[in-house]
Amino acid sequence: LVQAVVVQVKQALQELEQHGEKMDEVYRWTRHVYDWTRPLFLFGRDTLVDGLDPPQGGRVCELGCGTAHNLIRLARRRPDLKIIGVDASQAMLEVAQRNILQARLGDQVALVHGYAESYQPPDAMDAVLFPYSLSMMPEPALAIQNASGWLREGGAIHLVDFGDMRGWPAGARKALLGFLNRFEVYPRPELFESIPDGIELAAKWRLGGYCVSATLVPAEAAAFTRR
């Protein structure tokens, strides 16, 4: 039994590493224009970040931090926070590190190469962010479950992501989903219809199902401590 578990763990880790390599391929060139192009279709991302209100001196983790756009925006508004950005792509983290250093926020913002499904932060978090990143993760439900275990009492998971465009004309919907799939983006609106027991969900669909913003709060925040 133990051997079978070890094999399963190794297989899961290999799959995550393969996902990271795939993300490096996706962003090898597009990372250089990412921040110029993404405002055209990542609606609600800045609103999510600007509406965040952790307690004074709180800790925030963004899963799928990309170029650190959100990390820098939040850090400038709330210099009291300690912020961690996690991403599966080493290529994106190179850009993120450069942007953070240019913004002179290296003492406030830390970057980690890792995967939302398995990452464990050094401390409990007051907020965890998934801004248009769940739809690119191989196991998004596992990522949510993992992150929910890091929250301090009163903490929450905040996300915005693509929906299923159910209110769009069939042709436009097919074209947009096909475009997103080319970049390994696979919207999973079913996640918001089957949230695990013990997690309270408040979700709002926008623009005919183009995107969804949501807050997830564990009914009983885990007592997460790490020395």
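For this chain, numbers begin at 1 and follow the sequence in order. Atom set for the values below is all heavy atoms of this structure, side chains included, hydrogens, waters and symmetry mates excluded.
With rounding to the nearest 0.5 Å, the separation of CE in Met136 from OG in Ser89 is 9.0 Å. The CH2 atom of Trp168 sits 9.0 Å away from atom CG of Leu177, with the distance rounded to the nearest 0.5 Å. In this structure, Leu191 CG and Asp161 CG are separated by 9.0 Å, a value rounded to the nearest 0.5 Å. A distance of 7.0 Å separates OG of Ser118 from CG of Asn146, quoted to the nearest 0.5 Å. Rounded to the nearest 0.5 angstrom, Glu62 CD and Ile83 CD1 are separated by 9.5 Å. Annotation: the span from Leu63 atom CG to Tyr119 atom OH amounts to 8.5 Å, rounded to 0.5 Å.
Counting only residues at least two apart or on different chains, the ring pair (Phe, Tyr, Trp, His ring centres under 6.0 Å) pairs with a member in residues 127-147 are Tyr132-Phe162. Listed by first and then second residue, the ring pair (Phe, Tyr, Trp, His ring centres under 6.0 Å) pairs that reach into residues 43-87 are Phe43-Tyr210, sequence neighbours excluded.
Only one option out of Val160, Leu74, Thr215 pairs with Leu48 in a side-chain contact (heavy atoms from CB on, under 4.5 Å); it is Val160.
Counting heavy atoms from C-beta on, the side chains of Met137 and Glu117 come closer than 4.5 Å. Within the 4.5 Å cutoff, side-chain heavy atoms of Leu180 are placed close to those of Met165. Within the 4.5 Å cutoff, no side-chain heavy atoms of His158 are placed close to those of Val128. Looking at Val112 and Ile84, their side chains come closer than 4.5 Å, going by heavy atoms from C-beta outward. Within the 4.5 Å cutoff, the side chain of His113 has no heavy atoms near those of the Asp87 side chain. Residues Glu25 and Glu184 have side chains not in contact (no heavy-atom distance under 4.5 Å, counting atoms from C-beta outward). In this structure the side chain of Pro189 never reaches within 4.5 angstrom of the side chain of Val212, judged on heavy atoms. Residues Ser148 and Ile157 form a side-chain contact, since some pair of their non-hydrogen atoms from C-beta on lies under 4.5 Å apart.
A donor-acceptor distance shorter than 3.5 angstrom exists from the side chain of Asp126 to the backbone of Arg59, with no hydrogens or angles considered. Formation of a donor-acceptor pair under 3.5 Å by the Arg77 side chain with backbone atoms of Val49 is found in this model. In terms of modelled atom types and a separation under 3.5 Å, the side chain of Arg188 and the main chain of Pro140 share no donor-acceptor contact.
Hydrophobic cluster membership is shared by Leu93 and Ile72, with clusters built from Ile, Leu, Val, Met, Phe, Trp and Tyr side chains linked at under 4.5 angstrom. The hydrophobic cluster containing Val60 also contains Val109, counting ILVMFWY residues as joined when their side-chain heavy atoms lie under 4.5 angstrom apart, directly or transitively. Residue Met23 is not grouped with residue Tyr186 when hydrophobic side chains (ILVMFWY) are merged at heavy-atom distances under 4.5 angstrom, including chains of intermediate members. Cluster annotation: Leu105 and Leu52 are assigned to the same hydrophobic cluster (Ile/Leu/Val/Met/Phe/Trp/Tyr, side-chain heavy-atom contacts under 4.5 Å, transitive). Both Leu134 and Leu151 are members of a single hydrophobic cluster when ILVMFWY side chains are connected at heavy-atom separations under 4.5 Å.
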Would you tabulate the side-chain donor-acceptor contacts of residues 96-103 under 3.5 Å, counting partners in other chains and residues two or more places apart, or write 'none'?
| unit_1 | atom_1 | unit_2 | atom_2 | d |
| --- | --- | --- | --- | --- |
| Asn99 | ND2 | Thr67 | O | 3.0 |
| Asn99 | ND2 | Val95 | O | 3.4 |

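Looking at every heavy atom in both residues, Pro187 comes nearest to Gly163 through CB-O, 3.2 Å. Contact detail for Ser135 and Val185: the closest heavy-atom pair is OG-CG1, 3.5 Å. Taking both residues in full, the closest heavy atoms of Arg45 and Pro131 are given as CG-CB, 4.2 Å, listed atom of the first, atom of the second, then distance.
For Asp123 and Lys82, the salt-bridge test fails: no basic side-chain N is under 4.0 Å from an acidic carboxylate O.
Between the side chains of Asp80 and Gln108, no donor-acceptor pair of N or O atoms lies under 3.5 Å.
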### Query
salt bridge (Lys or Arg N to Asp or Glu O under 4.0 Å) between Asp53 and Arg78: does it pass, once the steps are laid out?
CA-CA 9 Å; Asp53 188 26; Arg78 290 288 304 272; 3.4 Å; yes

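The side chain to side chain donor-acceptor pair (under 3.5 Å) test applied to Ser133 returns no partner, not counting sequence neighbours. Taking Lys204 as the reference, Arg206, Ser213 meet the side-chain contact (heavy atoms from CB on, under 4.5 Å) condition, with sequence neighbours excluded. With sequence neighbours left out, the ring pair (Phe, Tyr, Trp, His ring centres under 6.0 Å) criterion links Phe41 to no other residue.
Figure legend: cation-pi geometry between Arg166 and Trp205, with NZ or CZ positioned under 6.0 Å from the six-membered ring centre and within 45° of its axis.
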